[in-house]
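The structure under discussion appears below in the form of structure tokens.
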Amino acid sequence: MIVRVDRQWLSEAARLMLPGDPDITDHGTFAAAVARHMDEVMDTLVYDQPHHRAAALMHQLIRVPGLENFNELFGVVVATSYLAASGIPVNPNPKAVADLAARINRGEVSVREVADEIRGWIGSN
């Protein structure tokens with residue numbers, strides 16, 4: 001089963017899981033995240049595994065902020081929620097996650113590198 005998120009799913013995640021229900025300041029980044037995690041080339045998913053799609057969502061939402069604040073936290077929440085919705089529970093180290101989010105924000109890691117790190121969260125329960 002492939003979980004497909006939409007703008008409403010992202011909006012609800014922000015509303016329910018972030019402090020203060022931050023305003024959406026760029027709806028376009030939500031649209032881009034929705035498109036990016038399900039992108040296909042020649043009928044083949046670009047991000048073919050759940051941790052790849054979680055990484056694409058996280059990378060997009062952090063690199064192109066869509067909220068007035070808490071964008072790094074939002075990227076983490078969306079990635080972990082996406083994996084949980086895909087039936088893949090994770091329990092990553094909070095310090096490592098914060099470090100990854102900061103490196104994404106600074107443009108130091110690619111989406112593939114993010115996926116590699118997220119893969120390490122799987123089975124870390």
*May I ask you to say whether R103 pairs ionically with E72, meaning some side-chain N is under 4.0 Å from a carboxylate O?*
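Looking at E72 together with R103, the answer is no, because their closest N to O distance does not fall below 4.0 Å.
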*asked:* Below 30° counts as parallel, above 60° as perpendicular, anything between as tilted: where do the rings of Y82 and H37 land?
replied: perpendicular
*Would you check, one step at a time, whether the test side chain to side chain contact (heavy atoms under 4.5 Å, CB included) holds for R53 with I2?*
CA-CA 10 Å; R53 291 187 290 278; I2 296 176; 3.8 Å; yes
*Carefully, step by step, assess M58 and V78 under the rule side chain to side chain contact (heavy atoms under 4.5 Å, CB included).*
CA-CA 7 Å; M58 184 176 180; V78 167; over 6 Å; no
*asked:* Run the side-chain hydrogen bond (donor to acceptor under 3.5 Å, both in side chains) test against D26 and tell me which residues pass, sequence neighbours left out.
replied: none
When clusters are formed by joining ILVMFWY residues with side-chain heavy atoms under 4.5 Å apart, either directly or through shared neighbours, do [X] and [Y] land in the same one?
X: V114; Y: V77; answer: no
X: L10; Y: L83; answer: no
X: I118; Y: I104; answer: yes
X: M38; Y: V34; answer: yes
X: V64; Y: L73; answer: no

*Report the distance from atom OG1 of T25 to atom CD of E68, rounding to the nearest 0.5 Å.*
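Output value for this atom pair is 7.5 Å.
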_Could you measure the distance from the CG atom of D21 to the CG atom of D23? Nearest 0.5 Å is fine._
7.0 Å
On a heavy-atom basis, which atom in [X] and which in [Y] lie closest, and how many Å separate them?
X: A31; Y: R7; result: CB-NH2, 3.1 Å
X: G75; Y: I62; result: CA-CG1, 4.0 Å
X: V3; Y: A85; result: CG2-O, 3.5 Å
X: A14; Y: P22; result: O-CD, 4.2 Å

*Under the side chain to side chain donor-acceptor pair (under 3.5 Å) rule, what do H59 and R36 come out as? Steps first, then yes or no, please.*
CA-CA 10 Å; H59 194 267; R36 185 176 187 189; 3.1 Å; yes
Contact check, side chains of [X] and [Y], non-hydrogen atoms, under 4.5 Å:
X: T80; Y: W121; answer: yes
X: I24; Y: S11; answer: yes
X: N71; Y: L61; answer: no
X: L45; Y: D39; answer: no

*Near R112 CZ, under 6.0 Å, is it more than 12 heavy atoms from other residues, nucleotides or ligands?*
yes
*Does CD belonging to E108 count more than 12 external heavy atoms closer than 6.0 Å?*
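Above 12, so yes.
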*Give a yes or no on whether the backbone of V111 and the side-chain of Y47 come within a donor-acceptor separation of less than 3.5 Å.*
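Flag not set: sc Y47 to bb V111 has no pair under 3.5 Å.
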*Please answer whether the main-chain N or O of H51 pairs with a side-chain N or O of R119 as donor and acceptor at a distance below 3.5 Å.*
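Looks like no, no N/O pair under 3.5 Å.
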*Would you please test E40 and V46 for side chain to side chain contact (heavy atoms under 4.5 Å, CB included) and show each step?*
CA-CA 5 Å; E40 293 182 2; V46 172; 5.8 Å; no
*Would S81 and M17 satisfy side chain to side chain contact (heavy atoms under 4.5 Å, CB included), going step by step from the backbone distance to the final call?*
CA-CA 10 Å; S81 297; M17 296 183 211; 3.6 Å; yes
